[in-house]
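Report on the following structure.
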There are 2 protein chains.
Amino acid sequence: MATSSSGDRVPRDRPPHTDPLTLEVVELIGTVVARYHEEYEEAAAGHALTGAQARVLGLLSLEPMPMRRIAQKLKCEPSNITGIVDRLEARGLVERRPDAADRRVKLAAPTAQGAEVARSLRESLDFAREPLAELSREERLVLRGLLRRMAGGATT
Amino acid sequence: MATSSSGDRVPRDRPPHTDPLTLEVVELIGTVVARYHEEYEEAAAGHALTGAQARVLGLLSLEPMPMRRIAQKLKCEPSNITGIVDRLEARGLVERRPDAADRRVKLAAPTAQGAEVARSLRESLDFAREPLAELSREERLVLRGLLRRMAGGATT
DNA sequence: TATTGTTATACTCTATAACTATA
DNA sequence: TATAGTTATAGAGTATAACAATA
């Protein structure tokens, strides 16, 4: 599935877009993204959760928050969160609490069991750490710099 | 959202799991994965396609293939592909062709318009290339090595 | 009047199981 | 009998629009 396994020749006269090494790295990023999702779905399924449910639970395990903000974090419509939290609540993993300051707001928070599931879920996602550990500190710094640029708004 | 923005201190006495630099890189990978997906969905929506439809179209644009193999590539049940290809076919982006060798098989292939949409879709996903271009060849080689290990089966 | 969460609706994706036409 | 694709069904995620309670 690798594009060209681009040996060691250095193509000097191509535009950067066509550099086989860059192309392979771009493709590998796609592969890693796919693998990340597979692992995430698998880990969620291991707890009889869907991906969306696992994401919400993971989010709440960091910090309880109003329904509205969950939707903002997940970049979906608030109306969807109702059902997802409903199912998590039915499973005893999440609860809705009133907000003292604003009675319109409901704060979603993980139960003790929910927090435990969230922790277990996080640990299942370690596939990136092992290969990372083999990198030197300098290599990790290069990687961090690259990822920061890719994560940030540097699309332009 | 960055974990600690871990300056430049070197923590020598921690297990690799807790090294703040590694932790930040792991978190950044999650962020990049999320961004990758947002961009993909946005690009698909720009052509009035769902993510699944865009993935199938992209796959077929590389090589026409039987319905069954699409399901294998997408890691879903073959029955789902019927509907997705139905909708792509209704849009005139994909067509079903008979397989000369086996009359049970239907080969899904992009139309000229479908190939054009797939090409446009691919170009929308360039957000990784620009920061990549700023890396030296050596840095890209390090990155390739890491991604290969993360992409491969090196979970254990 | 504006906002929070919910309900109602419709569409897509998903897995499961049963069906058809080939092999 | 086994396989490729389909159909039927049910559950879940998604967006849109309208609603109740509260601000």
Side-chain angles (χ1 to χ4, degrees), chain A residues 34 37-38 40-60 64-91 93-109, chain B residues 34 37-60 63-91 93-109:
Chain A
H37 259 81
E38 284 166 37
Y40 198 93
E41 295 288 325
E42 259 177 54
H47 291 276
L49 294 173
T50 66
Q53 287 163 12
R55 269 188 294 279
V56 168
L57 183 57
L59 196 59
L60 296 180
M65 63 183 72
M67 309 290 283
R68 209 89 185 173
R69 254 191 72 208
I70 303 177
Q72 287 165 353
K73 290 278 192 183
L74 263 68
K75 296 187 203 299
C76 72
E77 292 303 312
S79 59
N80 301 323
I81 305 302
T82 299
I84 296 174
V85 169
D86 278 352
R87 282 160 219 129
L88 287 171
E89 199 166 30
R91 291 273 306 276
L93 301 175
V94 156
E95 61 181 13
R96 276 180 248 234
R97 299 176 190 158
D99 183 320
D102 187 337
R103 283 192 301 172
R104 291 172 304 180
V105 171
K106 290 174 189 169
L107 294 169
Chain B
H37 260 82
E38 283 166 37
E39 305 248 330
Y40 199 92
E41 296 288 325
E42 257 178 56
H47 291 276
L49 293 172
T50 67
Q53 287 163 10
R55 269 188 296 280
V56 167
L57 183 57
L59 196 58
L60 296 180
E63 176 194 15
M65 63 182 74
M67 309 290 284
R68 209 88 185 176
R69 257 192 68 208
I70 303 177
Q72 287 164 355
K73 291 280 192 182
L74 263 69
K75 296 187 204 300
C76 74
E77 292 303 313
S79 60
N80 301 325
I81 305 302
T82 299
I84 297 173
V85 169
D86 279 353
R87 283 160 218 128
L88 287 172
E89 199 167 29
R91 291 273 306 277
L93 301 176
V94 157
E95 61 181 11
R96 277 181 250 234
R97 299 175 189 160
D99 181 322
D102 186 337
R103 283 193 300 173
R104 292 173 304 181
V105 172
K106 289 174 189 170
L107 294 169

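No hydrogens, no waters, no symmetry mates; every other heavy atom, side chains included, goes into these values. Order of the sequence lines sets the chain letters (A, B, ...), proteins ahead of strands, with each chain counted from 1.
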Rounded to whole Å, the CD1-P distance (Ile81(B) to dT7(D)) equals 14 Å

Are the side chains of Arg69(B) and Glu63(B) in contact, using a 4.5 Å heavy-atom criterion?
yes

What is the distance from CD of Glu77(B) to P of dC13(C), rounded to the nearest Å?
16 Å

Arg96(B) vs dT6(D): side-chain N/O to OP1/OP2 distance below 4.0 Å
yes

Answer yes or no: is there a donor N or O on one side and an acceptor on the other, between the side chain of Arg91(A) and the main chain of Ala48(A), under 3.5 Å?
yes

Is the phosphate of dT6(D) approached by Lys106(B) (side-chain N or O, under 4.0 Å from OP1 or OP2)?
yes

What is the separation between atom CZ on Arg87(B) and atom P on dC11(C), rounded to the nearest whole Å?
11 Å

Establish whether the base of dT22(C) is bridged to the side chain of Arg103(B) by a donor-acceptor pair shorter than 3.5 Å.
no

Between the base of dT4(C) and the side chain of Arg68(A), is there any donor-acceptor pair under 3.5 Å?
no

Would one find a side-chain N or O of Thr50(B) under 4.0 angstrom from OP1 or OP2 of dC13(C)?
yes

Would you mind reading off the distance between Arg69(A) atom CZ and dG5(C) atom C1', rounded to a whole angstrom?
16 Å

Decide yes or no, distance alone: a donor-acceptor N/O pair under 3.5 angstrom between the base of dT7(D) and the side-chain of Thr82(B).
no

Mapping Asp86(A) and Arg104(A) onto DNA chain C by nearest heavy atom, which one lands closer to the 5' end?
Arg104(A)

